[in-house]
Amino acid sequence: MLKTFPIGGVHPPENKISADKAIADLPLPSQVVIPISQHIGAPSATEVEKGQTVKAGQLIAAAKGYVSANIHSSVSGKVTKIDQITDSSGYKKTCVVIDVEGDEWLESIDRDERLVSDIRLSGEEIVKKCLEAGIVGLGGATFPSHVKLSIPQGKKCEVLIINGVECEPYLTSDHRLMIEKPDEIITGIRLLMKALAVDRAMIGIENNKPDAIAILREKCSRQEGISVHPLEVKYPQGGEKQLIKALINREVPSGGLPIDVGTVVHNVGTAFAVYEAVQKNKPLFERIVTITGKSISNPGNYRVRIGTPVSHLIEAAGGIPETTAKIVNGGPMMGKALNTPDVPVVKGTSGIILFDKQESVRPASGPCIRCSRCITACAMGLEPYLLMVLAERSMFEKAETEKITDCMECGSCSYVCPAGRPLLDYIRFGKSQVMKMMRERKAK
Amino acid sequence: MNSVIIYTVVSLSSLGALFAVILFVVARKFRVFEDPRIDQIQEILPGANCGGCGFAGCRNFAEALVKADSFEGLNCPVGGASLMTDAAEILGREAVLTEPLIAVVRCNGTPEHRPRTSNYDGARTCTIAHSLYTGETDCSYGCLGYGDCVVACKFDAMYMDPETGLPVISDEKCVACGACVKACPRTIIELRKKAKKDRKIYVSCVNCDKGGPARKACKVACIGCGKCVKACEYDAITLENNLAWIDSMKCVFCRKCVTECPTSAILEINFPPRKERSSEPAETTAGKTE
């Protein structure tokens, strides 16, 4: 029997429409808009000025503080303005706008596609490279990777887990990457292993990607310590805690981190980015983005420069079909609808999905019928119906004791609710309020 | 047989007498003295427990009034000056009268001024919508229109206008308890000084964006041009974060700022029509006589 996490989970239709589309380079847009805050943590500080010419790979915003990440120019050209511009959240954030002129990269970047597999750097140097290259978790959470690679004192990492699950329906960017760049990913994993000083790595892949499993298995047979594990298809297996439970049967304590149970989880996309940063000296300024939807003419996977407008990406996939009612940034379960397609692709953008009306409209919300399906679906063992009521009534102290902060916002509860209740909307709100409350208490 | 009845009656009566003594002693010894004036004050308070005074309810406020040495900073916005004078009389203190206030919605983003750019189908409350995104229009500061303030109002003083999509506050019913101010996640509602005849002059906008984007999102947005600040002779207007704000305590209702505002973001309410504004005064008088 295949491994999986024991409690909760749902089986949404997979709809991996773009799974057989090879990764293509997206043509450069005429202008890129690069937000200076694309990660969890403090926004970076701008390093460029208006009118300055930059090359691709040049640092344009430096990390401010420990939990923060460098941001690099993704194109060559001229900085036309640094202004408050609407980003994918809908709110205005400081962004650097660059008009594209040619495609000149920094000389230090090795643009050769050939594999460089020997590792010359030490563990610390690898972490330093990740910090310099602005690597963040590319699974969607965008947590700065150097922080995850620096193991706190007294903790020990026994095994590195590589997340190739891609449990969100529709998305195929990690899948394509695993098929097309297996050697690079494995080198990336070896780099991560060296940085963490572990001799064992496990790659978890859901069983709906047999081609990726086969190719990585074959490549791993020549590598010591790296093993591939097919997993049962179940959402949200890509959640860090679910994946750890499925692979090594350990439970991350409430409020804890994977390192508390002796492991660190990185996404395959991050492993690839680490490979490029360390072996090719290339900072993180492009990523693979899936553009998909049932009505669009040309769904696919593209290598997109950070800051490219989403509208440019949609254009490449054949434009917005007339039937489109919603454009979602991210997966259909956890992604957020966009106000406008004129927002930039950022480090955390794993996919753009265009939904038709009948797919996207949410059912009218009715009263809770106490069927407890949300409890059955919750992979964290919480009681979503209760958390929603507590958030609705502003009973945040009680919500805290009911562990609202353990919710990872996977959306399984809202997905299964037969009454169409907006469970996750309220839980998200309650969670933010509880976190605020906890921060205030800590400050005191 | 008789003896059973006698024993029962005697033992139960003596137990009863014993407990009565205990209860009497305890009641005397542990008596909590409560100022009778608290009840008196509570009687005259509105009893809505709206929290407008800043206390948990009317009884708490009554206790605070009795305990306080001076009425400074204590006010029941619902009862207003007459109630506070009565309370002062009962307690034999001096009444400190505060200016009566009224809640004002500082957004004029009707569908015609502020076009809708997206549709929201999540939970229909302002708090949730605000925590998720900017709202159905391009203005990330303005009214979301799901009526959290109306739900919060305990005095039936508010309703959502279906045409404008904005809350409307009744001048008669509003008691300035501030519940709507707290309920609004975007702090659009403000408590302002209540002037005679319910006249109001205020900047009906809270958009802190620069002029261009603000104007693009909404035709009647404050663009932070500062013309009103220059026009005001009483230093009542301040400009901060591209947004003008009129201090209702300093404003003398001269209405100069209203004419200066290029986007009509400053509203004048309950004023008689202006004479100098009409192009031909003769026509106006003719209109009046008709």
Side-chain angles (χ1 to χ4, degrees), chain A residues 81 83-95 324-329 334-343 355 357-366 388-389 391-394 396 409 411 414 417 419-436, chain B residues 51 56 109 114-149 151-152 154 179-187 206-218 221 223-224 241-243:
Chain A
K81 61 177 172 178
D83 202 1
Q84 301 286 314
I85 294 172
T86 315
D87 78 347
S88 54
S89 70
Y91 286 96
K92 292 194 168 58
K93 302 269 171 68
T94 308
C95 297
T324 301
K326 204 177 256 186
I327 302 173
V328 170
N329 172 21
M334 285 189 75
K336 268 181 87 177
L338 292 176
N339 261 4
T340 148
D342 295 320
V343 296
F355 285 115
K357 192 152 191 191
Q358 80 251 29
E359 285 177 290
S360 67
V361 171
R362 293 168 67 158
S365 153
M388 172 179 173
V389 172
E392 203 174 1
R393 300 188 185 164
S394 307
F396 300 122
E409 307 176 13
S414 298
C417 182
R421 287 172 73 73
L423 289 152
L424 180 60
D425 295 0
Y426 275 94
I427 294 173
R428 238 182 219 157
F429 168 67
K431 191 176 154 189
S432 70
Q433 293 296 312
V434 169
M435 303 257 257
K436 200 171 130 199
Chain B
R114 188 172 58 147
R116 185 180 274 214
T117 52
S118 64
N119 283 311
Y120 172 66
D121 60 1
R124 297 201 81 75
T125 79
C126 303
T127 11
I128 300 292
H130 176 69
S131 70
L132 288 174
Y133 84 134
T134 54
E136 291 178 314
T137 65
D138 272 347
C139 176
S140 57
Y141 297 90
C143 181
L144 290 155
Y146 307 119
D148 278 16
C149 48
V151 176
K154 285 186 180 156
C180 51
V181 177
K182 276 181 216 142
C184 180
R186 295 193 155 170
T187 51
V206 287
N207 193 319
C208 295
D209 280 341
K210 282 181 193 159
R215 188 72 194 269
K216 207 177 149 201
C218 179
I223 52 171
N241 293 331
N242 306 311
L243 178 67

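These numbers come from the heavy atoms of this one structure, side chains and all, not from hydrogens, waters or symmetry mates. Residue numbering restarts at 1 for every chain, and letters A, B, ... go by the order of the sequence lines. A quick note: this is a predicted structure, and the numbers were derived from the prediction, not measured.
Looking at A:R421, neither its backbone nor its side chain comes within 4.5 Å of chain B, counting heavy atoms on both sides. Using a 4.5 Å cut-off between heavy atoms, B:T134 touches chain A through backbone and side chain atoms alike. For B:D209, the part lying under 4.5 angstrom from a heavy atom of chain A is the side chain only. For chain A, the nearby part of B:T125 is the side chain; its heavy atoms alone come within less than 4.5 Å. Within the 4.5 angstrom heavy-atom criterion, only backbone atoms of B:T117 (N, CA, C, O) approach chain A. In this structure, chain B has a heavy atom under 4.5 Å from the backbone of A:S360, while its side chain stays farther away.
When all heavy atoms of B:C208 and B:L243 are compared, the closest pair comes out as SG-CD2, 4.3 Å. Across every non-hydrogen atom of B:C139 and B:A217, the tightest pair is N-CB, 3.7 Å.
Judged by distance alone, the side chains of A:N339 and A:T86 never bring a donor and an acceptor atom under 3.5 Å apart.
In this structure A:D425 satisfies the salt bridge (Lys or Arg N to Asp or Glu O under 4.0 Å) test together with A:R362, sequence neighbours excluded.
Ring pair A:F429/A:F396 is perpendicular by interplanar angle, where above 60° counts as perpendicular and below 30° as parallel.
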